[in-house]
Amino acid sequence: MSNPTFDADGITLEQVREYVWEVPQEGDMRTPARVLASEALLEEIADDKTLEQITNTTHLPGITNYAICMPDGHQGYGFPVGGVGALDAENGCISPGAVGYDINCGVRMMRTNLTYDDLRGREEELVDSLFANVPSGLGGGGIVEAGVDTVDEILERGVEWAVENGHGVEEDLLHCEDEGIRTEADASKISQKAKDRGKNQIGSLGSGNHFLEVQRVTDVFDDEVGDAYGLEEDQIVVLIHCGSRGLGHQTCNDYLRKIEQQHQGLLDQLPDKELAAAPAGSQLAEDYYKAMNAAINFAWVNRQLIMHRTRQVFERVFDRTWEEMEMELLYDVAHNIAKKETHEVGVGPEGRPVRDGEAVEREERELFVHRKGATRAFPAGHPEVPDAYRDVGQPVIIPGSMGAGNYVLRGGENSMDLTFGSTAHGAGRLMSRTQAKNEYWGGDVQQELEEQDQIYVKAQSGATVAEEAPGVYKDVDEVVRVSDALGIGDKVARTFPVCNIKG
């Protein structure tokens with residue numbers, strides 16, 4: 001009996017097993033493509049060019065095992081948002097298009113010892129104070145404005161710089177992915193134009209889907225892991241979602257243009273020019289990797305400064321120190337990155353990486369693991385998981401939408417085998433920003449959220465609220481259910497918005 005299939009715009013997927021769908025390798029594809037989704041999510045994923053884009057990704061030189069689309073996948077620039085591709089670091093390539101423009105767009109969660117009752121009645125005061133004190137919106141304006149030397153130091157030292165300059169404490173470093181610094185960063189590989197765009201945006205949310213949200217924990221699904229993460233029901237936590245602002249965008253743009261000039265031969269081999277990549281070992285690949293790591297550091301500093309400013313706002317609103325409120329970083333996870341990581345891959349004839357089940361043996365290989373709109377999800381015992389969480393697995397933070405809640409997961413035991421240690425990064429968009437603004441009116445969305453759900457939203461414009469209306473996103477409950485069922489990210493807790501500020 002043949003496996004079920006799914007057809008969309010000339011692309012046929014075969015169901016490998018529950019929630020795993022595969023586009024078989026054919027033609028110039030170097031590997032199969034896989035989509036991790038329920039049938040309901042697959043229907044939504046097929047509404048745009050996501051399936052075409054994940055299939056195109058299999059043409060990248062050095063791609064290993066298969067290209068993977070997460071349950072929250074949707075159309076992106078060349079490479080789908082929610083995509084994971086592991087490319088051989090010696091014989092493959094690195095792709096700015098498969099990393100994205102907002103390098104290290106990511107999320108961090110800060111826990112507190114406050115309860116929902118402590119906050120009730122102060123929502124408007126808190127949202128107004130956060131909006132007044134945390135810079136947001138398009139253009140410049142940040143918590144610090146820096147000269148060239150300071151920008152270079154931020155780019156190369158990451159969160160260490162922030163802590164040394166009074167924007168945090170040493171413990172913050174321990175609960176950030178890679179302890180808040182990519183040591184391979186080189187500020188000289190970032191253009192002056194990118195630095196000029198970033199120097200007045202350090203400590204700012206930006207616009208679009210970036211936000212700061214005060215939330216309450218509504219459910220803890222795993223008491224043991226919840227205890228390790230310091231989470232309990234009715235607790236107040238803060239979620240921050242932003243990235244590398246104009247500096248990251250300019251850096252991506254700079255290297256896409258350089259690839260067009262220097263590696264047109266490789267570009268001509270790819271079905272989509274937006275997958276632009278530099279061959280591993282080339283000078284441009286090395287330069288981009290160093291520049292990307294510098295932009296990753298910049299984004300971590302950005303979120304660190306916003307978090308510490310949030311502590312100061314809470315101090316004023318609640319009239320006690322942030323230490324007394326135990327406002328501690330739970331974890332910070334990065335999206336939109338490519339990292340050199342060592343993974344076990346199946347090896348077939350002549351050393352060729354093969355699909356699971358076909359391998360005669362397995363060997364460790366260094367790979368550029370591209371996670372675009374995907375989250376690292378390392379399991380318990382992995383040496384890169386912070387000591388505090390080593391026994392239970394890495395925290396994974398999954399934002400939903402302003403009206404649907406969010407999740408904290410832990411890296412699942414199957415993540416290394418199925419997804420190169422990755423899972424989804426959010427709910428995933430259902431409609432474009434343009435379509436959202438045609439469908440929703442920002443003021444109506446704000447009023448409905450406040451009246452029905454007691455969620456207080458403040459933004460620079462009604463258009464931003466319309467773009468981020470709850471109906472714009474996939475069902476985060478379903479995305480998380482699939483992640484949990486596959487064992488790539490296990491449910492730990494659910495949170496629900498109380499206050500939200502946007503650019």
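What's counted below: heavy atoms across the whole structure, side chains too, no hydrogens, waters or symmetry copies. Predicted model, so just to flag it, every value in this text is computed and none were measured.
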Legend entry - Donor-acceptor side-chain pairing of Thr321 and Glu324 below 3.5 angstrom: yes
Q) Is Asp152 paired with Lys195 through a side-chain N to carboxylate O contact shorter than 4.0 Å? A) yes
>> Check this for me: does any side-chain nitrogen of one of Asp477 and Lys491 sit under 4.0 Å from a carboxylate oxygen of the other?
In response: no
Would you say Gln312 has more than 12 foreign heavy atoms packed within less than 6.0 Å of its CD? yes
Discussion item. Is it true that, when you exclude Asp117 itself, more than 12 heavy atoms of the residues, nucleotides or ligands shown sit nearer than 6.0 Å to its CG?
Written reply: yes
Flag the pair Lys339 and Glu341 as a salt bridge only when some basic side-chain nitrogen lies within less than 4.0 angstrom of an acidic carboxylate oxygen. no
Using a strict threshold of under 4.0 Å (side-chain N to carboxylate O), is an ion pair present between Arg390 and Asp387? yes
If you count the non-hydrogen atoms of other residues, nucleotides and ligands that lie under 6.0 Å from CD in Glu224, is the total more than 12? no
- Query: Within the side chain of Arg122, is there an N or O that forms a donor-acceptor pair under 3.5 Å with the backbone of Val317?
  - Reply: yes
Are the charged groups of Glu328 and Arg111 less than 4.0 angstrom apart, N to O? yes
Is the closest basic N to carboxylate O distance between Asp234 and Arg216 below 4.0 Å?
-> no
Q. Any side-chain donor-acceptor pair under 3.5 Å between Glu468 and Asn209?
A. no
Taken to the nearest 0.5 Å, the spacing of Thr342 OG1 from Glu344 CD works out to 10.5 Å
message: For Arg34, is there an ion pair with Glu22 - N to carboxylate O distance below 4.0 angstrom?
response: yes
To the nearest 0.5 Å, atom OG1 of Thr495 lies from atom CD of Gln215 at 3.5 Å
Report the relative orientation of the aromatic rings in Phe221 and Tyr407; use parallel for angles under 30°, tilted for 30 to 60°, perpendicular for over 60°.
parallel
Handout entry: Cation-pi check, Arg429 onto Tyr473 ring (under 6.0 Å, within 45° of axis)
Key = yes
To the nearest 0.5 Å, atom CG of Asn297 lies from atom OG of Ser244 at 11.0 Å
query = Do Arg316's NZ or CZ and the ring of Phe318 fall within the cation-pi criteria of under 6.0 Å and 45°?
reply = no
Do NZ/NE/NH1/NH2 and the carboxylate oxygens of Asp287 and Lys290 come within less than 4.0 Å? no
Rounded to the nearest 0.5 Å, the CZ atom of Arg371 sits from the CE atom of Met70 at a distance of 8.5 Å
Does a salt bridge link Glu384 with Arg376, judged by any charged N lying under 4.0 Å from a carboxylate O?
yes
